[in-house]
Amino acid sequence: MITTIRLQSEDFDAAAEAAKLSHGRTDIGAVVTFTGICRDHEGGHGVSAMTLEHYPGMAEDEIARHVEDAKRRWPLLGATVIHRYGRMQPGDNIVLVVTASAHRQAAFAAADFLMDYLKTRAPFWKLEERPDGTGWVEAKETDDSAAARWQAKPGAAAE
Amino acid sequence: MITTIRLQSEDFDAAAEAAKLSHGRTDIGAVVTFTGICRDHEGGHGVSAMTLEHYPGMAEDEIARHVEDAKRRWPLLGATVIHRYGRMQPGDNIVLVVTASAHRQAAFAAADFLMDYLKTRAPFWKLEERPDGTGWVEAKETDDSAAARWQAKPGAAAE
Amino acid sequence: MKLLYFAWVRERVGKAEEEIAPPADVATVADLMTWLAGRGEEYAHAFEKRKVIRAAIDRVHVKPDTAISGAREIAFFPPMTGG
Amino acid sequence: MKLLYFAWVRERVGKAEEEIAPPADVATVADLMTWLAGRGEEYAHAFEKRKVIRAAIDRVHVKPDTAISGAREIAFFPPMTGG
């Protein structure tokens, strides 16, 4: 399986990354890409920009552990995770997850799983620039409960 | 909401379609793309090519009904469905679904939902070229049960 | 009314479409399949696995007990395998 | 051992990292937070919402009752908000 994990401040090209996974291959039947984008509002307040802080070293390790976990749960043929850090403005890409498999259920479930874990376990923190100053984004309970879906039974949400 | 539905024999550019949905917008936080690709094997036999037959007129209508259904179930900001017809070889793109929303759960669930319905309700039929001749692909029970997930409770699988 | 056939239903019937005028007692989609199956060997072959065949009236999926009166276009086809 | 602080824990402590040598009775991650909170106003402020703060030892998430002996690098941070 082709696995790509990158942390970078520069933007990424979702299409090029997806193409890399499937190019020249005839065993892949499904490619799912998730692109997370910086929005201009969040929970009722405006956001003019945000800065993503991360824990270098641990972030890569933690993402790699979850990609390995996803490979054990689903028959993946490829997975790419790219997470940006630094300052971003509304409309800018933040995170990319690409999964490839023979069948669509595995590709969908693995991408969904990886995003839930990136949200709740990968060591990144968002500092928002708001009309009244800057503020750290608080973790959401809905993200924790989304991630908890995968703990009950491996692959349960894929069925 | 921007909705694009196209049936075409020519290839599509998944990246360009995804970019169309989110370009210049700052309210979209999540874009999910699903690309279905022709594989060189299926259920134990080789596939050297396949021809997709469709019911012109009904295919567009049926897809449009499911996109409308998805819009009622989730807060989508955009949706694109492109389905090819004609002869395809392993590695060729077959189908594209792109969904955009403020939040990732809606984008994931809507893309998953649309693919399940395309598989089981959109009037397309695959004729495979196999080592021993041609054969129509049989509908899979796993596809029917995947589509049935969405009937129990609207949006249930998104939670 | 116009009939359309797709995939292996089309191959077995030997044509993609035709105009028909069934008798008045052919009231439902199931009746129509029975009537068609009696029109010759190729139709009998096409409609032998009747429970598997799906139908659409005027481009909307329908069940076998749906009435066909007023239909302009009825299509018969195997379970869909798109996506 | 090396300590790392991230996000608002870093802002409150006023530094991103430091070397420390806690006394031998500081056995767990929770003990370490208590000991750090007693090191001054900025630490007391950083560790006042102790139940919210997460920790990692040598780049792996750990719970408050995890032993710190042998750790080379311990990090403290708020709940993650990436993705």
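Quick note: numbers below take in every heavy atom, side chains included, and nothing from hydrogens, waters or symmetry partners. Chain naming here is simple, since letters A, B, ... match the order of the sequence lines and numbering starts at 1 in each.
- The contact between B/A102 and chain A is made by backbone and side chain atoms together, counting heavy-atom distances below 4.5 Å.
- A salt bridge links A/E68 with A/K71; the closest basic N to acidic carboxylate O contact falls under 4.0 Å.
- Between A/E129 and A/R87, at least one side-chain N (NZ, or NE/NH1/NH2) sits under 4.0 Å from a carboxylate O, which counts as a salt bridge.
- Contact check on A/R104 versus B/D143 returns a salt bridge, with a Lys/Arg side-chain nitrogen under 4.0 Å from an Asp/Glu carboxylate oxygen.
- Tested against A/D116 for a side-chain hydrogen bond (donor to acceptor under 3.5 Å, both in side chains), the candidates A/H66, A/R121, A/R149 yield a single pass: A/R149.
- Of the two parts of A/H23, neither the backbone nor the side chain holds a non-hydrogen atom closer than 4.5 Å to a non-hydrogen atom of chain B.
- Side-chain atoms of A/I2 and A/K20, non-hydrogen and from C-beta on, never get closer than 4.5 Å to each other.
- Interface remark: B/A100 contributes no atoms to any contact with chain A (heavy atom separation under 4.5 Å).
- Of the two parts of A/A111, the backbone and the side chain both hold a non-hydrogen atom closer than 4.5 Å to a non-hydrogen atom of chain B.
- Ranked by non-hydrogen atom pairs under 4.5 Å with chain A, the options B/V47, B/T33, B/V32 are led by B/T33.
- Taking the six-membered ring where the residue is Trp, B/W74 and B/F113 present perpendicular rings, their angle passing 60° and hence far from 30°.
- Contacts of B/R25 with chain A are made by backbone atoms alone, with heavy-atom separations under 4.5 Å and no side-chain atom involved.
- Using a 4.0 Å cut-off between a side-chain N of Lys or Arg and a carboxylate O of Asp or Glu, A/K126 and A/E42 do not qualify as a salt bridge.
- Neither the backbone nor the side chain of A/A14 comes within contact range of chain B; no heavy atoms are under 4.5 Å apart.
- Between chain A and the residues B/A30, B/G91, B/G29, the largest count of heavy-atom pairs under 4.5 Å involves B/G29.
- With a threshold of 4.5 angstrom between heavy atoms, B/D92 does not approach chain A through any atom at all.
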